[in-house]
Number of protein chains: 2
Amino acid sequence: MDAHPDPAGDAGSVARQAYRYIRERVISGAYAPGSRLTEEQLARELGVSRTPVREAVRQLAADGALVLKPNYGIFVGAWSRDEVAQLFDLRVMLESEITALAAANIGAAEIAQLTGLQDELEARGCDLSPDNIERIAAHNREFHRVVAAASAKPRFVAMLANAIEMPIVQQTFRRYSAAQMARSFAHHRELIDAFRARDPAWARHVISCHIHAAKHARLDSDAAPAGAAQ
Amino acid sequence: MDAHPDPAGDAGSVARQAYRYIRERVISGAYAPGSRLTEEQLARELGVSRTPVREAVRQLAADGALVLKPNYGIFVGAWSRDEVAQLFDLRVMLESEITALAAANIGAAEIAQLTGLQDELEARGCDLSPDNIERIAAHNREFHRVVAAASAKPRFVAMLANAIEMPIVQQTFRRYSAAQMARSFAHHRELIDAFRARDPAWARHVISCHIHAAKHARLDSDAAPAGAAQ
DNA sequence: GTATCGGGCATTGTATACACGGCGCCGCGC
DNA sequence: GCGCGGCGCCGTGTATACAATGCCCGATAC
């Protein structure tokens, strides 16, 4: 894996690469929730020494992706169904306020940007294959990021979002049905309309619906995961 | 206080000590905002090697207390007046919701606990000497932590609070006048009464006032002292 | 005088070696 | 057979050595 260390596109330090690698494995479920890891094993997997691995692991522990037991071990984070539900409730609070702010402050350029993003999103939306889902998720994050930027407090909103992102992103969005995806897109469209109307209250309620729907999609997909391949 | 989501490492660990030491120096202003630090200097100050210092520094960067420039240096976090104001606005959002939840869920035991804390707080309140201020601040944090615990989502609320704590705690609360302190205490008392009445709306508005007052106290205290250079 | 290029140096980034501490296992005693 | 204490192994915690990187600043050309 490090045998081909892209000479030109050194996409960051080794520690950063390790961070992304481990994070990806945690999110995708390759490391089972609650399971134990060791620094040395990760170092071997990545073909690097323990030092950058330690750095990545500490960072992921701060994100909540891993839990460290001092002088003992590293464990993959695990959240109960109830905790995930709590987290979505918190997200409703946060994003409602942020989106209302955005509706009051947003400019025409940003609305156009959101429209463009949503066009691309829907162009891809028909294909639900795993790797395309990944691209859709990325676009979706970008959409929400632009909304956060329009709230006039982008830096701190990002910090908050980061603090609670991990338990939510783990496995989310990968199991959306076509109907759920369609509803999600409809919410985005309605949100853009609310922005065009500069109507904070409308925007607030749209985003509330959006996240509530996501919450239940997630909880349902946790409950009935049998069929899908990992 | 075990519930405190402090970064990994047991209390005696060198890395943990380094974390607390540097954090304290940043908060107290011993390291001026925006100034540059080096790992080696910090290691010498603490009498340890760079390794645990690096760990502490990374943690503090995640907290927002420090800013790292890759391959170059470590800088103490600095926030503009406007950013601090934004942060307090965000806190109003968050704590309003959390406090309203707490008002709906809180039990008699927790109300008694808050009352006890507030009694202690006011017993100390007359003395505004710097080291006593520190104790008052600790009690104040504990008060708000108990409220968060009553919101039925303590773990994630703590994560959120942690994410935005640093720019606020830096220098805050140290310059409260006697009148401001008295008002703060009055808010706490009123909040307890709102909890007794199980009135979420009342509690929400009390905490809003509380944080708005804190915001302006902080902004004024930033403006007043000799540091007019910035 | 000013802009640009290149070498030196300070500082971070990574690897390796060693120390410390906890957990589990085995043997002993009861 | 069961509980308890010492011992060894495994894994993290810390120190040190070396490599790589980016800024600072002087030299040089225009």
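Every chain is numbered from 1, with letters handed out A, B, ... down the list of sequences.
Between B:Thr51 and D:dT14, a side-chain N or O to OP1/OP2 separation shorter than 4.0 Å is absent. For D:dT12, neither phosphate oxygen OP1 nor OP2 lies less than 4.0 angstrom from any side-chain nitrogen or oxygen of B:Ser13. Proximity of A:Arg54 to the phosphate of C:dA15: no side-chain N or O atom is located under 4.0 Å from OP1 or OP2.
Salt-bridge formation is not detected for the pair B:Glu83/B:Arg218: no Lys NZ or Arg NE/NH1/NH2 atom is positioned less than 4.0 Å from an Asp or Glu carboxylate oxygen. Note on A:Glu142 versus A:Arg145: salt bridge recorded, some NZ/NE/NH1/NH2 to OD/OE distance being below 4.0 Å.
With rounding to whole Å, B:Arg44 atom CZ is found 15 Å from D:dA15 atom P. Distance B:Ile74 CD1 to C:dG13 C1': 12 Å, rounded to the nearest Å. Atoms CG (B:Asn71) and P (D:dA20) sit 12 Å apart, rounded to a whole Å. Straight-line distance from the CD atom of A:Glu40 to the P atom of D:dC10: 10 Å, rounded to whole Å. D:dT12 atom P lies 9 Å from atom CG of A:Leu68, rounded to whole Å. To the nearest angstrom, P of C:dG13 lies 13 Å from NZ of B:Lys69. At whole-Å resolution of the value, CD in A:Glu39 and P in C:dC20 are 18 Å apart. Counting to the nearest Å, the C1' atom of D:dG11 and the CZ atom of A:Phe75 are 11 Å from each other.
Cation-pi geometry between B:Arg36 and B:Tyr72 is met: under 6.0 angstrom from the ring centre, within 45 degrees of the axis.
When each of B:Arg50 and A:Tyr72 is assigned the nucleotide of DNA chain D bearing its nearest heavy atom, the one mapping closer to the 5' terminus is A:Tyr72.
The side chain of A:Arg58 has D:dG13 as its nearest neighbour among D:dA15, C:dT14, D:dG13.
Checked by distance alone, B:Arg16 brings no side-chain donor or acceptor within 3.5 Å of a matching partner on the base of D:dG13.
The distance between the ring centers of A:His139 and A:His188 does not fall below 6.0 angstrom.
Relative ring orientation between A:His210 and A:His144 is described as parallel, the plane-to-plane angle staying below 30° on a 0-90° scale split at 30° and 60°.
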